[in-house]
*Asks:* 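Can you keep this structure in mind? I'll have questions shortly.
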Amino acid sequence: MSDELTPEEEVQLERWWELQEAKKRFPTYTLAEAAAAAEEQDDWLVPGLIASTSTLVFGEAKIGKSWLIAHLIGALVSGGEFLNVQVPQGNYSIGVCYTDDAGHREYAQRLSTAVSGTDHAVTLYGLGIMKRADWDALHHVVTDAGHNVLIIDNLTQILDGSINEDDVIRRCFDGIRRFTQAGIPVVIVGHSSDAKGKSGYKPDRPMGSAAISQSVRWLMQVRHTRGGNLSVNTYGNIDHGRTMKIRADDGARFTVLETSEKTETVTNSRERSTQTLDRNQEHAQFVVRECQGVSLREAGRRLADKFSGDADTFKNSLGTKGKLSPLLNRTKAGNGWTWDLVEHR
């Protein structure tokens with residue numbers, strides 16, 4: 001029996017190998033595998049503040065972002081709190097990638113104000129401009145060290161081109177996704193512009209290409225407040241986020257002065273919307289009961305008498321573009337109108 005393949009078998013084998021190579025380009029999961037992964041890995045490294053995938057911490061230069069990162073690292077290695085939120089228990093091994101010339105010394109000094117001693121699972125790596133081969137090498141080093149959290153401080157100095165170019169940003173985040181796809185949370189430090197726009201306000205988005213915001217799952221913006229404190233605003237694809245006012249204390253320590261969950265804002269807004277709809281429905285029902293055959297002006301006057309308000313405002317609400325018009329059908333009847341409620345199905 002010959003071990004040689006027939007031409008048809010050779011073609012089939014070649015196609016099979018091509019398919020295997022193609023599959024390597026796309027992370028693929030069955031629904032069962034995806035559900036199991038969702039149960040195994042939480043959305044958060046620190047609940048509501050730092051994602052378990054990618055988080056961008058951004059703000060103006062020298063505002064204290066790296067001190068905030070040191071506060072985070074201190075909370076992870078000590079099992080403490082980050083901005084008043086308890087860090088989940090775990091054995092964290094943290095890789096800190098710095099880009100400044102003396103970044104390793106500066107981070108050591110910052111961390112000394114957050115935790116005592118140096119016997120912690122923290123290793124510092126100096127990064128330059130990162131190209132694909134550099135990302136491959138860093139991934140090998142980080143996974144070999146067993147790190148399960150990665151810090152990159154900062155984004156601007158590792159780019160292999162302009163921060164305003166979409167392709168440059170995408171290449172960079174292709175490298176960062178090597179880690180997030182391996183289940184390693186990545187926290188990236190970025191900048192916002194300190195230049196005021198035509199409106200006189202500074203932009204509230206990261207400096208550079210819009211692809212930066214699109215490439216991360218969660219963002220934390222740090223800004224100055226009038227009282228000399230800091231405002232922290234979180235948002236992204238995972239949750240509604242929150243707004244906090246914090247005070248920078250000595251070293252890598254912060255006191256949370258105020259916090260507001262955006263879910264509260266959304267809930268309050270929905271409650272107000274529901275109340276408005278209920279009130280409008282009550283007004284419409286009154287019109288059907290008490291305003292048959294009268295003019296719009298008279299109907300407005302009667303609404304004002306019943307519910308307290310301005311007669312002209314109520315009259316306008318009954319007009320074609322008024323807030324009550326979607327709830328009412330009106331038919332001309334002599335000098336007035338007849339009304340009935342719109343049936344919603």
Side-chain angles (χ1 to χ4, degrees), residues 43 47-49 84-85 192 196-206 210 213-214 217-227 229-246 256-345:
D43 285 334
L49 293 176
N84 278 15
V85 177
S192 61
K196 294 182 179 180
K198 294 180 180 179
S199 64
Y201 294 96
K202 296 178 182 178
D204 58 357
R205 61 184 182 277
S213 296
Q214 297 163 4
R217 295 290 293 168
W218 197 245
L219 298 96
M220 174 181 287
Q221 181 187 17
V222 185
R223 304 183 74 168
H224 286 295
T225 66
R226 289 184 178 179
N229 296 307
L230 297 174
S231 170
V232 175
N233 180 40
T234 63
Y235 60 98
N237 295 334
I238 309 173
D239 196 11
H240 292 294
R242 67 183 68 183
T243 299
M244 311 171 77
K245 182 165 78 173
I246 65 175
V256 176
L257 304 175
E258 298 175 10
T259 183
S260 173
E261 299 283 347
K262 292 180 184 174
T263 50
E264 297 174 2
T265 303
V266 172
T267 299
N268 292 338
S269 176
R270 287 174 177 168
E271 288 177 350
R272 287 194 297 271
S273 297
T274 300
Q275 292 168 358
T276 298
L277 289 173
D278 291 344
R279 185 169 59 250
N280 289 346
Q281 188 68 33
E282 184 181 5
H283 293 169
Q285 291 171 350
F286 175 84
V287 170
V288 172
R289 290 195 313 269
E290 306 294 338
C291 301
Q292 297 293 347
V294 303
S295 66
L296 292 181
R297 182 177 298 278
E298 176 60 19
R301 187 191 65 77
R302 293 185 185 185
L303 282 165
D305 288 344
K306 173 65 176 178
F307 298 103
S308 299
D310 182 74
D312 285 338
T313 300
F314 276 116
K315 173 188 169 237
N316 292 335
S317 74
L318 294 167
T320 305
K321 297 182 179 180
K323 62 184 180 181
L324 296 184
S325 63
L327 304 176
L328 293 164
N329 289 320
R330 61 174 181 169
T331 304
K332 188 66 174 173
N335 294 326
W337 299 88
T338 59
W339 307 87
D340 60 86
L341 294 172
V342 172
E343 292 186 9
H344 294 282
R345 304 191 179 197

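Along the sequence shown, the residues carry numbers beginning at 1.
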*Asks:* Between the main-chain N or O of E290 and the side-chain N or O of R302, is there a donor-acceptor pair closer than 3.5 Å?
*Replies:*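 It does hold such a pair.
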
*Asks:* Side chain to side chain contact (heavy atoms under 4.5 Å, CB included) for L230 and R223? Distances and angles first, verdict last.
*Replies:* CA-CA 6 Å; L230 297 174; R223 304 183 74 168; over 6 Å; no

*Asks:* Determine, for R279 against E282, whether the closest basic-nitrogen to carboxylate-oxygen distance falls under 4.0 angstrom.
*Replies:*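 No, R279 and E282 are not salt-bridged.
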
*Asks:* For the pair L341 and L328, evaluate side chain to side chain contact (heavy atoms under 4.5 Å, CB included) and give the outcome as yes or no after the intermediate values.
*Replies:* CA-CA 5 Å; L341 294 172; L328 293 164; 3.9 Å; yes

*Asks:* To the nearest 0.5 Å, what is the distance between CH2 (W218) and CG (D239)?
*Replies:*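 If we round to the nearest 0.5 Å, W218:CH2 and D239:CG are 5.0 Å apart.
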
*Asks:* Which heavy atom of V256 sits nearest to which heavy atom of T259, and what is that distance?
*Replies:*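 Minimum heavy-atom contact is CG1-CB, 4.5 Å.
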
*Asks:* Does the S231 side chain pair with the main chain of T225, one donor and one acceptor, at a distance under 3.5 Å?
*Replies:*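 Not a single qualifying donor-acceptor pair exists.
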
*Asks:* Could you tell me which non-hydrogen atom of M220 sits nearest to which non-hydrogen atom of V232, and how far apart they are?
*Replies:*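 The pair with the smallest heavy-atom distance is CG-CG1, 3.6 Å.
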
*Asks:* Who passes side-chain hydrogen bond (donor to acceptor under 3.5 Å, both in side chains) against D43, sequence neighbours left out?
*Replies:*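 Applying side-chain hydrogen bond (donor to acceptor under 3.5 Å, both in side chains) to D43 gives none.
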
*Asks:* For G319 versus S325, what's the shortest heavy-atom pair and its separation?
*Replies:*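 Answer, listing the atom of G319 first, then S325: O-CB, 3.1 Å.
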
*Asks:* Apply side chain to side chain contact (heavy atoms under 4.5 Å, CB included) to residues L318 and R330 and explain how you reach the verdict.
*Replies:* CA-CA 9 Å; L318 294 167; R330 61 174 181 169; 5.6 Å; no

*Asks:* Distance-only, no hydrogens or angles: does the Q292 side chain make a donor-acceptor pair with backbone N or O of W339 under 3.5 Å?
*Replies:*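 Side chain of Q292 to backbone of W339: a pair is present.
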
*Asks:* Could you measure the distance from the CG atom of L303 to the OG atom of S308? Nearest 0.5 Å is fine.
*Replies:*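 Interatomic distance, L303 CG to S308 OG, rounded to 0.5 Å: 11.5 Å.
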
*Asks:* Kindly give the heavy-atom pair with the smallest separation between D305 and R301, and that separation in Å.
*Replies:*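 So the minimum-distance heavy-atom pair works out to OD2-NH1, 2.7 Å.
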
*Asks:* What distance do Q221 atom CD and Y235 atom OH have between them, rounded to the nearest 0.5 Å?
*Replies:*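 One gets 5.5 Å once the value is rounded to the nearest 0.5 Å.
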
*Asks:* For residues R217 and I238, report the shortest heavy-atom separation together with the two atoms involved.
*Replies:*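 Between these two residues, the closest heavy atoms are O-CG1, 4.1 Å.
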
*Asks:* With a 4.5 Å limit on heavy-atom distance, are the side chains of I246 and N229 in contact?
*Replies:*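 I246 vs N229: side chains apart.
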
*Asks:* Evaluate the ring planes of F307 and F286, with Trp represented by its six-membered ring, and classify them as parallel (under 30°), tilted (30 to 60°) or perpendicular (over 60°).
*Replies:*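 Geometry flag for F286 against F307: perpendicular rings.
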
*Asks:* Please give me the minimum heavy-atom distance between A284 and L327, naming the atom from each residue.
*Replies:*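 Minimum heavy-atom separation between A284 and L327: CB-CB, 4.0 Å.
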
*Asks:* So how far is it from L219 CG to N237 CG, rounded to the nearest 0.5 Å?
*Replies:*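 So the gap between those two atoms works out to 8.5 Å.
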
